[in-house]
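Notes follow once the structure below has been shown.
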There are 2 protein chains.
Amino acid sequence: MPDLSPKTPAAPRVTPSWHRFEIAIIATARELRSAFDERLAVLGLNLSQASLLAYVTDFGSSTQTELAEMVGLGRAATGTMIDQLERRGLLERRPDPDDRRVWLVAATPEGERLVEDFYDLDRGLRAEFRRGISREDRHQLADLLDRLGTNIAESRGRPRPTLPESDNR
Amino acid sequence: MPDLSPKTPAAPRVTPSWHRFEIAIIATARELRSAFDERLAVLGLNLSQASLLAYVTDFGSSTQTELAEMVGLGRAATGTMIDQLERRGLLERRPDPDDRRVWLVAATPEGERLVEDFYDLDRGLRAEFRRGISREDRHQLADLLDRLGTNIAESRGRPRPTLPESDNR
DNA sequence: GTCCGATTGTATGACAACATACACATCGCA
DNA sequence: TGCGATGTGTATGTTGTCATACAATCGGAC
């Protein structure tokens, strides 16, 4: 059933093995991330870094764990990303006077300037991606993804019996 | 967590990076993959390996590049994955008598047995994920994802659409 | 006030996937 | 034939992310 005949040179875009929407989501996400990274390379950023920078710019100083939650990374990964951005002078860590465990991460003026560029790129990119997808479509998409995410979280929360064939619904 | 004092950006700017459906897709995909990997750990497989194995089982011997396309990985990554699966005796490489460049990858009986387990797990897992998401919804989701994917592919194929190349501040 | 559990950030090691470069085989064309 | 272009698989180094373990710190129970 899969189309394996032609190796269309232009669009490799394989919707792979099975047409399960779970796989489609993963594949699309990969393409999405790659596309963003590709375009953001001009700024020397990847998508995670750009998101981080944008968040800090919009919401002001934040602790690293807070940032980690926001961009959906682990604390360690967030830390090294902040390292990189700090080394480039795009943001800075200042100690929190009230809690000596944490850093307050804030964008430098230069960082804020770069975020402007990011948003420019971002706007154009998203416009391309959304061609032929109405606002309602997008909303429904987001809604479905949210519901799906909730299901996944629930499913992961409760530890499943070890082997296949325990109880099926 | 303290709701810290932000500078409250006067203008909403643009839809902030973290509630854009593009990000939602990426986040959901990550959860999806983690969830699969988590459950598949019982079999000693991750999602990519399972997909690969399943594909080979369902469609018979294939070359590595073909497999790479099918599971959406690069040739190198596919190669090392096949290495692992071969080392575990789940599939085997046999030379193609007609083309000495390629290997024909096929599942061993043991591999096929494992694929059965995989499908069992897979069925249950997907049932959990789909709770409250109708078949229609899923179709529309898949459809939107496909359109989005096409847009992305197009967008990436094209070198440089309308981008701030000349007028950087 | 003084401990003890919880939290924060970091160091470390592991891993999956990529891009690049390469060796080898094949195919098409002279 | 021979030979270059192309396709196939592998080696190598890099990157992004995670999990785990840890020191410093906080904050509440006593």
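Letters A, B, ... mirror the listed sequences (proteins, then strands); counts begin at 1.
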Gap separating the CD1 atom of B:Ile26 from the CD1 atom of A:Ile25, nearest 0.5 angstrom: 12.5 Å
Global bending angle along the helix from C:dG1-D:dC30 to C:dA30-D:dT1, which compares the axes of five pairs at either end, to 10 degrees: 10°
Option among A:Arg39, A:Glu31, A:Arg131, A:Glu38 that satisfies the side chain to side chain donor-acceptor pair (under 3.5 Å) test with B:Ser155: A:Arg39
Interatomic distance where CZ belongs to A:Arg87 and P belongs to C:dT10 [whole Å]: 12 Å
Between C:dC18 (P) and A:Asn46 (CG): distance, integer Å: 16 Å
Sugar-phosphate only, base, or nothing, as touched by A:Thr78 at under 4.0 Å among non-hydrogen atoms: nothing
Below 3.5 Å between N/O atoms, which protein atoms pair up with nucleotides 19-27 of chain D? Just atom names and distances, please.
unit_1 : atom_1 : unit_2   : atom_2 : d
D:dC26 : OP1    : A:Arg100 : N      : 2.8

Interatomic distance, B:Ile23 atom CD1 to A:Leu145 atom CG [nearest 0.5 angstrom]: 12.0 Å
Where B:Glu112 and B:Thr57 come nearest, the two heavy atoms and their spacing: CG-CG2, 3.9 Å
Distance below 4.0 Å between B:Arg93 side-chain N/O and D:dT10 OP1 or OP2: yes
Note, B:Phe59 side chain near B:Met70 side chain (heavy atom, < 4.5 Å): no
Of all pairs that satisfy salt bridge (Lys or Arg N to Asp or Glu O under 4.0 Å), the ones with a partner from residues 74-84 of chain B, not counting sequence neighbours: B:Asp83-B:Arg93
Sugar-phosphate only, base, or nothing, as touched by B:Thr63 at under 4.0 Å among non-hydrogen atoms: sugar-phosphate
Selection from C:dA17, C:dT8, D:dT10 that lies nearest to any side-chain heavy atom of A:Thr65: C:dT8
Distance in angstrom units between B:Asp83 CG and D:dA11 P, rounded: 8 Å
Rounded distance (Å) that lies between atom P of C:dT8 and atom CD1 of A:Ile82: 13 Å
Nucleotide D:dC18, atom P - distance to CD of A:Glu69 in whole Å: 13 Å
Side-chain N or O of B:Thr80 closer than 4.0 Å to phosphate OP1/OP2 of D:dT10: no
OG1 on B:Thr108 to CZ on B:Arg88, rounded to 0.5 Å: 10.5 Å
Short side-chain N/O contact from B:Gln64 to OP1 or OP2 of D:dT10, under 4.0 Å: yes
Greater than 12 external heavy atoms within 6.0 Å of B:Arg126's CZ: yes
Options D:dC18, D:dT10, C:dT10, nucleotide nearest the side-chain atoms of B:Trp103: D:dT10
Proximal nucleotide (of C:dA17, D:dC18, C:dT10) relative to the B:Leu73 side chain: C:dA17
Residue pair B:Gln140 / A:Asp137, side-chain heavy-atom distance below 4.5 Å: yes
A:Phe21 ring center within less than 6.0 Å of B:Phe129 ring center: no
Between P of D:dT15 and CZ of A:Arg33, the distance in whole Å: 16 Å
Between P of D:dG16 and CG of A:Leu45, the distance in whole Å: 11 Å
Nearest-Å distance for atom pair CG/C1', residues B:Leu67 and D:dG7: 16 Å
